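What follows is a set of notes on a single structure, which appears directly below.
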Amino acid sequence: MTPAGADARRGGLERLEDTIEAGLTVGLGLSTVLLAAGLLFAYTPALLWGILLLMLTPVARVAVVTVGLAFERDWTFTLVSLFVLGVLASGIWVAVHR
Amino acid sequence: MPAHHAIVYLLTGAASGIVGAMLGIGGGVFLVPLLTLAFHVPIRAAVAASLVSVIATATASSTVNLDRGLVNMRLAMALEVATSLGGLGGGLAASLLSTQQLFLTFGGTLATMGVLMVMRSGRRNVIADMSVDPGRLGGYLEEGEDSYVYRLRRLPLALGASLVAGAVSGLLGLGGGIIKVPVLNTFCGIPIRVAAATSAFMIGVTAAASVFVYFARGDVVLPLASAVALGALAGSVAGVRIGQRVEARALKIGMAVVLLVVGGRMALEAL
């Protein structure tokens, strides 16, 4: 890879890292509010949605990485990321169909 | 749940979050023994609460580590293939093992990793010559004024360890960092801070691969998991900041001690 190509790829990765960081912060903030409210007021639906949102945050993170890498045309790692997304989807599918 | 129980679980989550984020291992390694041995929580409910708190720790510490450029994203993605498969398999297999077998697996795994870390704690994985190509799965690390290069060695070993780490995570609610960090650092050429940050980035995904299965089985006790996760969130933000100020060798020794003590205690409990 040329140095210019390497720099472009690293720049793309840094933008993707910023997007992931923002996404994780939003998911974390929302679930924190729901969990705190649920515990303070003994309100089970808030606890349920807070936990579900927290559980889904890593799944959303992998989805964002997959789309970001596809935009960067990094097909090898897009496939790798898609595979991980598939495994996570299988876990959810197994859970729903138990 | 009584208020004093919620406070105890919050503090327990915070303590495990601090140490878990410092070492990139998520904190389940402390949480499961504490919840089962000290508070007599059934082991499957403890594992489920631990998986939720591992996700909280991973997410909170990754927001800080990404900002500091410590996460090796490509390496994380490559290893996530193995670790997520292992996580799903471990989650499905958990109901097939007895409590005693779970305790023994947990204790034996931790103690072995502790011995390995002590044996190799003096090694450094960084290269001062910045003209060296880090390869596709290596990278760069800045420590104070100094910059280093590191290269990944033994990719098949890293993948194999990640598969086992995922399975152990699904079985025991650990997140798997307890296996990945020592193996990446001692055998695969990854500096301890990068190994910890990259592991913390991955363990949320590893835990997510199995946590939905626990949730569907009714093992996620909402007030318990919520209190522990909230504590872990706060603790992990503090832990990742403390970890930056601690010497790399001290981090390794601290981790080895924790592995030996907790692993030995759990194995004794099973015998």
Side-chain angles (χ1 to χ4, degrees), chain A residues 1 6 9-10 13-14 16-18 20-25 27-28 31-32 34-36 38-40 42 44-48 50-52 54-62 65-66 68-69 74 76-81 83-98, chain B residues 1 3 6 9-10 51-53 55-56 58-60 62-67 69 71 73-74 76-81 83-88 91-92 133 136 140 166 170 201-217 220 222-223 225-227 229-230 233-234 237:
Chain A
M1 190 189 301
R9 175 159 286 182
R10 201 176 300 160
L13 208 58
E14 278 171 13
L16 185 55
E17 284 178 1
D18 290 342
I20 294 167
E21 196 186 324
L24 292 179
T25 306
L28 207 55
S31 54
T32 303
L34 285 167
L35 293 178
L39 280 176
L40 269 177
T44 306
L47 293 181
L48 178 66
I51 290 282
L52 277 175
L54 194 59
M55 284 162 50
L56 285 168
T57 303
V59 183
R61 192 271 278 169
V62 177
V65 170
T66 310
L69 288 169
D74 187 342
T76 308
F77 279 95
T78 302
L79 277 178
V80 165
S81 200
F83 181 85
V84 175
L85 201 56
V87 175
L88 293 179
S90 311
I92 296 172
W93 188 88
V94 168
V96 169
H97 289 85
R98 281 187 79 88
Chain B
M1 181 171 61
Y9 291 143
L10 266 169
L51 286 171
V52 174
S53 88
I55 292 174
T59 310
S62 291
T63 56
V64 181
N65 286 329
L66 278 167
D67 198 39
V71 178
M73 281 248 297
R74 285 183 203 285
M77 283 185 288
L79 300 184
E80 271 171 7
V81 170
T83 202
S84 58
L85 271 178
L88 182 57
L92 293 172
D133 177 13
R136 227 175 158 197
Y140 300 92
F201 187 70
M202 292 163 63
I203 55 179
V205 172
T206 313
S210 52
V211 74
F212 290 98
V213 179
Y214 280 87
F215 186 82
R217 273 203 294 255
V220 177
L222 288 175
S226 303
L230 261 187
L233 278 171
V237 172

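These numbers come from the heavy atoms of this one structure, side chains and all, not from hydrogens, waters or symmetry mates. Since we're looking at a predicted model, the values are computed, not measured. The chains referred to below are lettered A, B, ... by the order of the sequence lines, with proteins before strands, and numbering in each begins at 1.
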Q.
If you apply the rule side-chain contact (heavy atoms from CB on, under 4.5 Å), what do you find for A:Ile20 with B:Met73, and how did you get there?
A. CA-CA 11 Å; A:Ile20 294 167; B:Met73 281 248 297; 3.7 Å; yes

Q.
Testing the basics here: between B:Ala56 and A:Leu54, what is the closest heavy-atom pair and its distance to 0.1 Å?
A. CB-CD2, 4.0 Å

Q. Between A:Leu48, A:Leu34, A:Thr25, which shows the greatest number of heavy-atom pairs under 4.5 Å with chain B?
A. A:Leu48

Q: Against chain B, label A:Thr76 side chain, backbone, both or neither, depending on which of its atoms sit under 4.5 Å from a heavy atom there.
A: side chain

Q. What part of B:Leu233 lies closer than 4.5 angstrom to a heavy atom of chain A: side chain, backbone, both or neither?
A. side chain

Q) Testing A:Val84, A:Leu69, A:Val62, A:Thr66 for side chain to side chain contact (heavy atoms under 4.5 Å, CB included) with B:Met77, which one passes? A) A:Leu69

Q) Can you say whether A:Ala36 sits under 4.5 Å from chain B via the side chain, the backbone, both, or neither, judging by heavy atoms? A) both

Q) Quick one: does A:Arg61's side chain have a donor or acceptor within less than 3.5 Å of a partner on B:Thr59's backbone? A) no

Q: Give, as side chain, backbone, both or neither, the part of A:Thr57 having an atom under 4.5 angstrom from any heavy atom of chain B.
A: side chain

Q | Contacting region of A:Ile51 [heavy-atom separation from chain B under 4.5 Å] | A | side chain

Q: Could you tell me which portion of A:Ile92 (side chain, backbone, both or neither) has an atom closer than 4.5 angstrom to a non-hydrogen atom of chain B?
A: both

Q. If you look at every heavy atom in B:Ile55 and A:Pro58, which pair is closest and at what distance?
A. CG2-CG, 3.6 Å

**Q.** 4.5 Å side-chain heavy-atom contact, A:Val96 and B:Phe212
**A.** no

Q: Pick whichever of B:Val211, B:Asn65, B:Val71, B:Val81 has the most heavy-atom pairs under 4.5 Å with chain A.
A: B:Val81

Q | Closest approach of B:Ser226 to A:Leu47 (non-hydrogen atoms, all atoms of both residues) | A | OG-CD2, 3.3 Å

Q.
Quick check: do B:Leu66 and A:Leu24 have side-chain heavy atoms less than 4.5 Å from each other?
A. yes

**Q.** Where B:Ala208 and A:Val59 come nearest, the two heavy atoms and their spacing
**A.** CB-CG2, 4.5 Å

Q.
Using the rule given for side-chain contact (heavy atoms from CB on, under 4.5 Å), can you reason through A:Leu52 versus B:Phe215, listing the C-alpha separation, both sets of side-chain angles and the distance that settles it, and then say yes or no?
A. CA-CA 9 Å; A:Leu52 277 175; B:Phe215 186 82; 4.0 Å; yes

(Q) If you compare all heavy atoms of A:Leu35 against all heavy atoms of B:Ala229, which two are closest, and at what distance to 0.1 Å? (A) CD1-CB, 4.3 Å

Q | Interface moiety of B:Val64 toward chain A, non-hydrogen atoms closer than 4.5 Å | A | neither

